[in-house]
Amino acid sequence: MLDPTVLMEWLEFALRWLHVITAIAWIGSSFYFIALDLGLRPSTDRRTGVSGEAWQVHGGGFYFIQKYMVSPARMPAELTWFKWESYATWLSGAALMMVVYYAGSELFLIDPAKLDLVAWQAIAISAASLTVGWLAYDRLCKSGLAEKPTLLMLLLFFLLLAMGWGYNEVFTGRAVMLHLGAFTATIMTANVFFIIIPNQKIVVADLIAGRTPDAKYGKIAKLRSTHNNYLTLPVIFLMLANHYPLAFASAWNWVIAGLVFLMGVTIRHFFNSHHAHKGWKWWTWPITAALFLAAVWLSTQGQEYQSWEEAEARPLTPYETRFAEAEGFEEVAGLVMGNCSMCHAREPAWEGIGTAPKGVLLETEADIARHARTIYTQAGLTNAMPPPAASFMLPEDRAAIVAWFRAGRS
């Protein structure tokens with residue numbers, strides 16, 4: 001129970017669980033309020049300041065909702081702020097990235113074939129890129145382009161595409177997708193933290209002081225909220241992509257990400273138009289399908305795996321050397337190559353498997369040493385791998401894997 005690897009696995013699981021829960025809460029409230037805002041009808045009683053209203057039914061009850069374009073005439077006694085869902089999602093995601101990608105930088109973050117970095121350098125590049133991304137986006141929004149929202153969204157798209165290309169020049173394919181998702185999520189949460197909530201607080205302060213709030217604060221907040229709405233679906237894809245090698249292991253993963261951002265626009269446009277009572281924009285369906293098929297095609301072009309010959313010739317990293325020189329490695333290497341490499345290969349031999357599951361390659365000694373922790377948890381501590389129908393591992397084989405990993409770790 002006190003095995004550090006076991007504790008890290010459960011910490012990762014707990015953080016991932018928390019991240020998913022908070023993301024559901026944030027995305028749910030975001031989608032609801034965008035749909036509500038677009039679906040409001042003109043006020044029937046023409047109350048001062050009421051720009052729209054809606055009747056809704058849910059859970060057996062009826063709800064009457066009104067929106068004030070600037071503010072109500074007086075400050076309500078209770079006011080619910082929708083901000084913690086966003087903050088908790090970003091904080092849990094940042095913690096999860098630290099546990100998985102920073103603590104496991106040798107495996108998940110650094111690609112020696114692209115750029116031979118030490119852990120602190122890779123982590124510094126990762127953290128700095130998220131900060132720089134927000135500053136660049138925020139500067140674009142404050143440059144006067146807010147009056148040209150389509151052009152602003154186009155520039156944001158090219159910024160995201162450029163960042164994806166840059167990440168692909170530095171990090172592993174898996175980290176490319178994750179970081180592009182984190183880059184986008186940082187923009188979204190920073191919008192809430194630095195723009196939307198502060199602007200709303202200015203309006204509330206004016207109400208309390210008896211001043212008439214300036215409508216510009218609501219307009220600015222709405223622009224940022226709209227950006228968040230269109231970025232949500234691509235972020236979800238990017239967070240899931242690190243589990244699918246066809247998405248992240250292609251040399252064109254950054255272009256695939258760009259296509260996904262475009263799909264996010266077409267999908268949200270379909271629903272946003274419907275919520276705004278502008279009909280069903282069915283033309284978005286074939287465009288979305290075409291973008292998706294283009295992503296599927298690109299995923300088969302130029303897989304980023306090193307060839308077997310390149311992997312054999314590449315010098316081992318310090319992390320790999322530690323496990324390659326650990327007692328029992330030769331026995332474990334034989335077990336892994338005999339039981340796992342038919343699926344976890346550059347060209348899998350197992351029928352029905354087109355690419356190595358989760359991008360994990362186990363064909364060379366360097367491959368095996370690199371994935372030491374994964375082998376330990378999947379085939380040593382547990383019998384998750386190989387799959388039961390294809391497993392020929394005996395209990396003593398799994399015990400040998402456990403002994404080897406612990407020898408290398410110590």
Side-chain angles (χ1 to χ4, degrees), residues 3-6 8-9 12 100 103-114 116 118-119 172-175 242-243 245 248-249 303-410:
D3 185 320
T5 303
V6 172
M8 284 296 289
E9 287 282 320
E12 177 186 332
V100 177
S105 57
E106 298 95 340
L107 177 59
F108 295 118
L109 188 57
I110 298 171
D111 186 344
K114 292 181 180 178
D116 194 9
V118 296
T172 65
R174 187 191 301 263
N242 66 88
H243 297 284
F248 72 71
Q303 289 290 316
E304 286 243 293
Y305 298 135
Q306 280 185 312
S307 67
W308 186 89
E309 292 77 14
E310 290 173 331
E312 280 283 274
R314 176 179 64 79
L316 271 63
T317 65
Y319 177 86
E320 294 166 347
T321 300
R322 180 150 51 95
F323 287 100
E325 293 179 351
E327 183 178 354
F329 176 72
E330 290 185 7
E331 179 184 359
V332 169
L335 289 170
V336 171
M337 289 182 185
N339 289 276
C340 310
S341 62
M342 67 282 289
C343 297
H344 292 278
R346 286 152 182 84
E347 295 182 7
W350 193 273
E351 186 177 355
I353 295 181
T355 185
K358 294 194 174 183
V360 176
L361 300 174
L362 299 173
E363 287 186 296
T364 70
E365 291 187 352
D367 292 339
I368 294 168
R370 181 176 180 82
H371 294 283
R373 177 181 162 182
T374 301
I375 295 169
Y376 173 60
T377 56
Q378 298 279 333
L381 286 181
T382 71
N383 61 355
M385 287 290 160
S391 178
F392 300 97
M393 280 197 178
L394 301 173
E396 51 266 34
D397 296 332
R398 298 186 187 278
I401 291 173
V402 170
W404 158 70
F405 177 81
R406 291 177 177 173
R409 185 178 61 190
S410 63

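Basis for what follows: all heavy atoms, side chains included, without hydrogens, waters or symmetry-related copies.
Using a 4.5 Å heavy-atom cutoff, the side chains of Y319 and R373 are in contact.
Annotation: side chain to side chain donor-acceptor pair (under 3.5 Å) contacts of Q378 (sequence neighbours excluded): none. With sequence neighbours left out, the side-chain contact (heavy atoms from CB on, under 4.5 Å) criterion links E310 to Q306, S307. Residues forming a side-chain contact (heavy atoms from CB on, under 4.5 Å) with A356 (at least two apart in sequence, or on another chain): Y305, L361. With sequence neighbours excluded, no residue satisfies salt bridge (Lys or Arg N to Asp or Glu O under 4.0 Å) with E106. Judged as a side chain to side chain donor-acceptor pair (under 3.5 Å), and not counting sequence neighbours, T374 has no contacts. Considering only residues two or more places apart in sequence or on other chains, R174 meets the salt bridge (Lys or Arg N to Asp or Glu O under 4.0 Å) condition with none of them. In this structure A333 satisfies the side-chain contact (heavy atoms from CB on, under 4.5 Å) test together with F329, I368, sequence neighbours excluded. Applying the salt bridge (Lys or Arg N to Asp or Glu O under 4.0 Å) test to E365 and every residue at least two apart in sequence or in another chain returns nothing. R346 is linked by a side chain to side chain donor-acceptor pair (under 3.5 Å) to E363, D367, counting only residues two or more places apart in sequence or in another chain.
Here the CG-CG distance, from N339 to L362, works out to 11.0 Å after rounding to the nearest 0.5 Å. Residue L109 holds its CG atom at 6.5 Å from OG1 of T172, rounded to the nearest 0.5 Å. Here OG1 of T317 is found 11.0 Å from CG of D111. Values are rounded to the nearest 0.5 Å.
What you find for A366 and A311 is that their closest heavy atoms are CB-O, 4.2 Å. The minimum heavy-atom distance linking P357 with C343 is given by the pair CD-O, 3.6 Å. In this structure, G354 and P348 approach most closely via the heavy-atom pair O-CD, 3.9 Å. Closest non-hydrogen pair, P386 versus C340, comes out as CG-SG, 4.4 Å. Across S341 and A345, no two heavy atoms sit closer than the pair O-CB, 3.1 Å.
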Please tabulate, for the side chains in residues 393-410, all donor-acceptor contacts under 3.5 angstrom to protein atoms that are two or more places apart in sequence or on a different chain.
unit_1	atom_1	unit_2	atom_2	d
D397	OD2	L394	N	2.9
R398	NH1	A379	O	3.0
R398	NH1	T382	O	3.4
R398	NH1	M385	O	3.0
R398	NH2	S391	OG	3.4
W404	NE1	F323	O	2.9
R406	NE	Y376	OH	3.0
R406	NH2	D3	OD2	3.2
R406	NH2	Y376	OH	3.1
R409	NH1	D3	OD1	2.6
R409	NH1	T5	OG1	2.9
S410	OG	R406	O	3.1
S410	OG	A407	O	3.0

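Between R314 and E320, at least one side-chain N (NZ, or NE/NH1/NH2) sits under 4.0 Å from a carboxylate O, which counts as a salt bridge.
For residues 331-375, there are no ring-ring contact (aromatic ring centres under 6.0 Å, His included) pairs, not counting sequence neighbours. For the side chain to side chain donor-acceptor pair (under 3.5 Å) condition, no pair includes a residue of residues 327-336, sequence neighbours left out.
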